[in-house]
Amino acid sequence: MIYKRIYLISCVLVAVIGQTLIIFNSKVGSIVLIGMFAPMLMSFINILVIEKLTIERGNVIVFGYNIAQFIIKTIFLCSLTYIGVRVVELNFRIFIPVLCFTWFVFHIIEGFFTNSLIKNNAAAKQKN
């Protein structure tokens, strides 16, 4: 699927850029890795779970999982915010917008991915 390709290309690109930047400027590299790579990776893992649940359990379970993952993602983003601002001491004026924008973009992609899976699953069940 095109959505998985978007995730894989983005994750690899951001990981390479973040690791390269961390050599020259550790704060900028940390912003890229914590603020961009971590939410992308979490979202990619989430679409893999959604795909598996859609195939094995059906659309109703996926809707329930989407509700639960909203709470999980909220805790995850709060944890990343704490780690980035308090532990690593990143500039919150840069880090928080990067983190929120990355989360938002990949949340939208995740929604389109889930929608396409649900539609395909419903169409396949109607054929049978």
Side-chain angles (χ1 to χ4, degrees):
M1 276 193 150
I2 190 166
Y3 299 109
K4 283 185 179 180
R5 189 171 295 148
I6 291 170
Y7 274 96
L8 290 173
I9 291 170
S10 299
C11 283
V12 169
L13 187 63
V14 167
V16 169
I17 290 170
Q19 290 176 357
T20 304
L21 286 175
I22 216 163
I23 294 169
F24 299 109
N25 187 337
S26 63
K27 295 292 183 182
V28 174
S30 296
I31 287 173
V32 171
L33 291 174
I34 298 171
M36 293 178 75
F37 182 68
M40 282 182 198
L41 190 60
M42 174 71 163
S43 188
F44 181 68
I45 291 168
N46 195 42
I47 68 163
L48 294 178
V49 171
I50 288 171
E51 185 177 42
K52 184 176 172 86
L53 284 176
T54 303
I55 293 168
E56 292 180 3
R57 302 290 176 113
N59 295 343
V60 175
I61 299 298
V62 171
F63 285 130
Y65 176 75
N66 277 333
I67 294 168
Q69 65 95 15
F70 179 77
I71 296 167
I72 293 167
K73 275 187 167 182
T74 302
I75 294 168
F76 180 71
L77 284 173
C78 290
S79 300
L80 284 180
T81 301
Y82 178 79
I83 290 168
V85 174
R86 290 284 185 190
V87 177
V88 184
E89 297 178 352
L90 298 174
N91 183 350
F92 71 92
R93 290 180 195 97
I94 298 170
F95 177 68
I96 300 299
V98 167
L99 177 65
C100 291
F101 180 75
T102 303
W103 172 83
F104 179 74
V105 167
F106 283 91
H107 187 69
I108 296 297
I109 294 171
E110 193 176 308
F112 283 123
F113 177 79
T114 304
N115 187 39
S116 69
L117 279 178
I118 289 171
K119 282 183 179 179
N120 290 341
N121 197 23
K125 289 194 184 230
Q126 281 183 346
K127 282 185 177 181
N128 295 331

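A quick note: this is a predicted structure, and the numbers were derived from the prediction, not measured.
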Taking every heavy atom of Gly18 against every heavy atom of Val32, the minimum-distance pair comes out as CA-CG1, 3.6 Å
Are Ile83 and Val85 connected in a single hydrophobic cluster, I mean Ile/Leu/Val/Met/Phe/Trp/Tyr linked by side-chain heavy atoms less than 4.5 Å apart?
yes
Linked, directly or transitively: Ile67 and Ile45 (ILVMFWY side chains, under 4.5 Å)
no
Quick check against the 3.5 Å criterion: does Asn46 have a side-chain atom that pairs as donor or acceptor with the backbone of Met42?
no
Give me the atom names and distance for the closest heavy-atom approach of Ile109 to Tyr3.
CG2-CD2, 3.9 Å
Under 4.5 Å between side-chain heavy atoms, hopping through other hydrophobics if needed: is there a path connecting Ile75 to Ile96?
no
Leu99: which of Leu77, Ile34, Ile31 passes side chain to side chain contact (heavy atoms under 4.5 Å, CB included):
Leu77
Shortest non-hydrogen separation from Lys27 to Glu89 and the atoms involved:
NZ-O, 3.3 Å
Between Leu117 and Glu51 the two heavy atoms that sit nearest each other are CD1-CA, 3.6 Å
If you define the side chain from C-beta out and look only at heavy atoms, does anything of Thr54 sit under 4.5 Å from Asn59?
yes
Between Arg57 and Tyr65, is there a side-chain heavy-atom distance shorter than 4.5 Å?
no
Is there a donor-acceptor contact under 3.5 Å from the side chain of Ser10 to the main chain of Ile6?
yes
If you round to the nearest 0.5 Å, how far is CD1 of Ile108 from OG of Ser43?
10.5 Å
Straight-line distance of Asn115 CG to Asn120 CG, nearest 0.5 Å:
9.5 Å
Val98 side chain near Met36 side chain, heavy-atom distance below 4.5 Å
yes
Is any side-chain heavy atom of Val87 closer than 4.5 Å to one of Tyr82?
yes
Would you name the heavy atoms of Gly29 and Leu21 that are closest together and state the gap between them?
CA-CB, 3.8 Å
Examine Ile72 and Phe113 and state if one hydrophobic cluster contains both, with Ile, Leu, Val, Met, Phe, Trp and Tyr joined whenever side-chain heavy atoms are less than 4.5 Å apart.
yes
Distance in Å, Met40 CE paired with Leu8 CG, rounded so as to fall on 0.5 Å steps:
11.5 Å
What class does the angle between the rings of Phe44 and Tyr7 fall in, given that below 30° is parallel, 30 to 60° is tilted and above 60° is perpendicular?
tilted
Membership question, hydrophobic clusters at under 4.5 Å side-chain separation (ILVMFWY): are Leu48 and Phe106 in the same one?
yes
Rounded to the nearest 0.5 Å, the CD1 atom of Ile50 sits from the CD atom of Gln69 at a distance of 5.5 Å
Side chains of Asn66 and Thr114: does their closest heavy-atom pair fall under 4.5 Å?
yes
From CZ (Phe112) to CD1 (Ile47), nearest 0.5 Å
14.0 Å
Looking at every non-hydrogen atom in both residues, tell me the closest pair between Phe95 and Leu90 and how far apart they are.
CD1-CD1, 3.6 Å
